[in-house]
Amino acid sequence: MPLYDARGKQNRALLIGVSSYQDPRLPDLDAVFANPDELGRVLCAPATDLFLPQEVTPLRPKTPEELTAALRTAAHEARGLLLVYFSGHGRVRRDGGDLHLLVETSRVAQDKPRVASYEAVSWVKDVLPRLERSRADRVVVVLECCFAGNADDSFRTDDKPVSLLMAAQPNRRIFSGTEPGGGTTFTRAVLDILEHGIEGKECVTFEDLAGELRRRLADHTTPQGGAWVPRASKRNTVDDVVVSFATREARPRTPFVVRARRWWRSRPRRRLQLLSAAAALALVATALVVTDRLRPPGDCPPAQELRLLTAPEAEPTLRAAALAYEMSDLNTAPVPGEDDVPDGCRRTQITVYSAAKDQVAQGFAAADRWRGEAEGEDEAPEGGAGGEAVEPLYRPGPQPDLWVPESTVDHLQVRQGMAAHAPVTLHRVGPVAYTPLVVGVPETRGLSDVEQAGSSWHEILDDAADRKLRLLRPSPVLSGVGLMHTIGLYLADDGTPVALDGGAPRTGVAERAENRLRAPGSQYAGSAELLCSLRPGAASAGAVSRATAAPLVTEKSLTDANLGHAVGNCPALATVPEKEDRYEAYYPSGVPGLDHPLIRVAWKGAADAARRRAASDRFADWLRRPDGGQKVITRAGYRGVNAKGAAAPAPTDSPLRDSRAGVLPDIGVEPYTAGRQRVSQVLAAYDSAHRPGQLLFLLDTSTSMADGGRISVAADAVGRALEVLGPKDTYGLWTYPRAGTAARDRERPVERVRAGSTDPAAGREVLDRLQRDDGGLVDQGAWMQEALTAALDRLRDGPAERTKAVVLVLDEDDGAGKRSAAAREALSDALAAHPRIPVVVLAAGKGGCDAAPVRHVVEGSGGNCVAGGPGAADTLAGLVASFGTGGQEAGR
């Protein structure tokens, strides 16, 4: 897994400890008093090797204003790693929402002892917005308080990569603050891990810290008598952050630049003496010029920002490569003709972000409306032709300077969809990595009559059918992996490599392949999310049993899954999965692999175009060097690129060489040679092989959906799902409960968009209204079972020739324990009735996909479940895409 190393950057640590309280109902926490000082000592220790003393701020706030002001300052000053630690009392509402961190002057309401009524710091309203505005590369938050685990329910950041460590699972109090001796139990464990490292680890990462804490506290219990289990969560990142370089192994030497900068920044008096001497002695002045790179980062001018857009699965690796480039000699040494940046300062800062394939295509197709103009570009006009305001394009993110799609196919599709007058040109530099496409077969159910390499898709499909394996594919609409797998299935089914001009797929090939793949609601937004859903202990995969699932993914993502690395939104595992939970990779003959081409994006009108192109070319050159970016890329599990631009053999330190990876690292990568016409023919065949979809969205609009921004998450996910529907698909949008006092009102959904509609704009208008000041939310319990029964009955009455599904979005079923046995039986009958209608659930509540009512619906209907959180919108869109014909048209 890529690691973020903050050494040599401007880091900040805000260590908050509240041990005494004025409210007599809040007992003092004497042991907490020592926590900030002890943690500060360890963070500044040479073994930890991350923070200087002046970068660490212990704080014992009396008022909320004192805490938020310190948080604002730390967030503003940090450029590398921002660490925020809180130890003290925490309180939530009785429904478990709205975590508050209590300071000395906090008061607790008389009638609701678990609610901080005033003089407290809100996790949602006070802390998260300040973290989001931070200029730090990475943020790590540690919460040691009662109900710390409840912070995850409302853990939302738009762009900032944040890692959250919670002292316990949701709805748990903890024994902290009354321990004998200095420091609390939880923090003492944190201190020991950070100061002394972990056996067998060269450093301590965020994931390592969370896993080791769970191990050390396994024998402890909470006041409720249950297990004490620290929890970890991440947003906008799947890579890991180093939080200490302490190790019990042979310690690698700290890089010279890091040591020199740390020495220089930690001795202000010595620095002043040297500077004074430099003014008097030319020799000393010359020496100082030579060591000019030792100046603190704060004296460096702002680095030029380049923005790199890529696919979600490649984002962690390319982010790690970008960080390595920023600290490299190539980016910190003088450049002839560009002497405006002093030696030792970063010339270029690279922001790496990702978007699904269809969103990227939409961005380039509407390049004149794409938000986030390149630096130096002339101000865009406020109106379009005819003087009307032009609606900006937001979803793909800012305009990129560089783009690394998953394959040349994605590049060809984008170019085909761009307007002739587009204010942007794309320049293909060449591939930066390769990875073959594979079929993952459970090791316990290996194919008997098929070789791992060299067999045709035709043979693999037949043997998989005999073994009763269900083949699962990422969505061709959202994923370049899914699209390339579809090209291989249709054009290389007999094992012959895909030709440049071989015409459309042979009659019946697409239909045959889709019949073998057809598991409605089983497509995901990418390889990583698909493999994440198949992990032991993950949310139910619905109609597809994990033991019989054969995912169509990439060699790289299958390696990550087999070795327990982070995949999608699933964090890294503490150990490598057991053999029965791993896959063997089968390589269909003739199927082209992914070539990850680097595309330089030039925007017309940019005043700094020449400088921006030079910076892009330098990074592109470094990314393809064996001693530069290729080291980062191959260590992540990709195949490298040789001097001729072809795939290079996997090096000895590649995870592909691990015997447990289940792959064949010496198998060659088939190049892609077909043109745009054949891609269009494949997508047309994909559309023809699928029946039109009929979907009914059923959305919980009770007031509890306002908690933690759930209604915004839900509306965004449903809106994203509407985008992937094809022109032949229809949908309806219902909400529940209905406002009213009669019992029957809560059982009758409200039809906001009539079933059978084909206009996504009508649905988006309803979703916009719901997000506007929580407009339209009903202050009444939402009884899910009755509303879902009505939705299933309505769909079953529709045209039989359509593929049908209900998309249910809720936080919880408010009718649990209050309804009649007849109502429960009615839902069970509706789920089991023929024809069976799958229900895809977006579970935004605390119980997520593990909640009993959700499991009952998913298992009873053969549907699927998506837990609310980062990536939920794209994951839901991938599942929805498999119910209709959203292929060729939706990808434009």
Side-chain angles (χ1 to χ4, degrees), residues 1-5 198-203 205 207-208 239-240 242 245 247-253 255 313-314 316-325 327-330 430-438 440 443 452-454 527-528 553-567 572-573 575-577 579 582-587 593-596 621-671:
M1 183 193 309
L3 299 181
Y4 176 73
D5 180 353
I198 301 173
E199 192 73 37
K201 300 284 188 179
E202 293 185 353
C203 61
T205 68
E207 297 284 357
D208 293 335
D239 55 2
D240 211 348
V242 179
F245 285 89
T247 179
R248 301 181 185 184
E249 313 301 314
R251 180 184 176 87
R253 187 172 179 81
E313 292 175 39
T317 300
L318 288 176
R319 184 183 290 125
L323 291 171
Y325 172 75
M327 299 300 294
S328 70
D329 291 340
L330 184 63
V432 297
Y434 287 91
T435 187
L437 299 184
V438 300
E443 287 207 11
Q452 263 191 276
S527 291
V553 290
T554 64
E555 179 188 68
K556 192 266 187 210
S557 60
L558 194 74
T559 297
D560 286 337
N562 281 341
L563 297 181
H565 297 166
V567 288
L573 299 175
T575 59
V576 174
K579 182 180 177 67
R582 300 200 297 263
Y583 299 89
E584 282 186 319
Y586 284 75
Y587 296 73
L594 305 183
D595 57 356
H596 302 279
D621 175 68
W622 178 89
L623 201 58
R624 292 158 57 87
R625 285 186 189 177
D627 60 344
Q630 288 296 294
K631 294 173 66 176
V632 180
I633 287 170
T634 56
R635 285 175 182 168
Y638 288 97
R639 307 286 188 94
V641 177
N642 62 23
K644 297 181 180 180
T652 56
D653 61 350
S654 169
L656 301 177
R657 296 289 179 185
D658 192 311
S659 60
R660 300 164 296 182
V663 300
L664 304 176
D666 295 316
I667 293 295
V669 182
E670 191 75 38

Hey, is Asp621 close enough to Arg625 for a salt bridge, meaning N to O under 4.0 Å?
-> yes

Set of residues satisfying side-chain hydrogen bond (donor to acceptor under 3.5 Å, both in side chains) with respect to Ser557, sequence neighbours excluded = Thr554

CG of Leu330 to CG of Asp627, rounded to nearest 0.5 Å, is 10.0 Å

Tell me the ring pair (Phe, Tyr, Trp, His ring centres under 6.0 Å) pairs involving residues 625-656, sequence neighbours left out?
-> His596-Tyr638

Side chain to side chain contact (heavy atoms under 4.5 Å, CB included) between Tyr325 and Leu623, intermediate numbers included = CA-CA 8 Å; Tyr325 172 75; Leu623 201 58; over 6 Å; no

Atom pair CG/OG1 of Leu573 and Thr575 - distance to nearest 0.5 Å | 6.5 Å

Would you check if the side chain of Glu313 reaches a backbone N or O of Ser527 as a donor-acceptor pair within less than 3.5 Å?
-> yes

So, do Lys201 and Thr247 sit near enough that their side-chain heavy atoms are less than 4.5 Å apart?
-> no

Any donor and acceptor pair, going by atom type alone, linking the side chain of Gln452 with main-chain N or O of Ala585 inside 3.5 Å?
-> yes

Gap separating the CG atom of Leu656 from the OG1 atom of Thr634, nearest 0.5 angstrom | 9.0 Å

Would you say Tyr434 and Leu594 make side-chain contact, with heavy atoms under 4.5 Å?
-> no

Non-neighbouring partners of Asn642 that pass side-chain hydrogen bond (donor to acceptor under 3.5 Å, both in side chains), sequence neighbours left out = none

Evaluate side chain to side chain donor-acceptor pair (under 3.5 Å) for Asn562 paired with Thr559, printing each intermediate quantity in order.
-> CA-CA 5 Å; Asn562 281 341; Thr559 297; over 6 Å; no

Roughly how far, to the nearest 0.5 Å, is the SG atom of Cys203 from the CG atom of Leu3?
-> 5.5 Å

Audit row: Arg639, Glu555, salt bridge (Lys or Arg N to Asp or Glu O under 4.0 Å) steps and yes/no = CA-CA 9 Å; Arg639 307 286 188 94; Glu555 179 188 68; 2.9 Å; yes

Partners of Tyr587 by ring pair (Phe, Tyr, Trp, His ring centres under 6.0 Å), sequence neighbours excluded?
-> none

Any residue meeting side-chain hydrogen bond (donor to acceptor under 3.5 Å, both in side chains) with Ser654, in chain and number order, not counting sequence neighbours | none

Separation between NZ of Lys579 and CD of Glu443, rounded to the nearest 0.5 Å = 4.0 Å

Heavy-atom closest contact (Ala650 atom, Pro665 atom, distance) = CB-CB, 4.2 Å

Qualifying residues under side-chain hydrogen bond (donor to acceptor under 3.5 Å, both in side chains), relative to Asp666, sequence neighbours excluded = Arg657

Donor-acceptor pair, Asp240 side chain versus Thr205 backbone, under 3.5 Å?
-> no

Which atom pair, heavy atoms only, marks the closest approach of Val641 to Pro431?
-> CG2-O, 3.6 Å

What heavy-atom pair brings Ala433 and Ile633 nearest, and what distance separates the two atoms?
-> CB-CG2, 3.6 Å

Heavy-atom nearest pair, Pro436 first then Val669, reads CG-CG2, 3.8 Å

Output, in order, the C-alpha distance, side-chain angles, deciding distance and verdict of side chain to side chain contact (heavy atoms under 4.5 Å, CB included) for Tyr586 and Val438.
-> CA-CA 5 Å; Tyr586 284 75; Val438 300; over 6 Å; no

Checking side chain to side chain contact (heavy atoms under 4.5 Å, CB included) for the pair Arg582/Val576: CA distance, chi angles, key distance, verdict?
-> CA-CA 9 Å; Arg582 300 200 297 263; Val576 174; 4.0 Å; yes

What's the shortest heavy-atom distance between Gly564 and Pro577, and which atoms?
-> N-CD, 3.6 Å

Going through the distances and angles, do Thr317 and Lys556 end up as a side chain to side chain contact (heavy atoms under 4.5 Å, CB included)?
-> CA-CA 11 Å; Thr317 300; Lys556 192 266 187 210; 4.2 Å; yes

One should read off an interatomic distance between Asp208 CG and Ile198 CD1, to the nearest 0.5 angstrom, of 4.5 Å

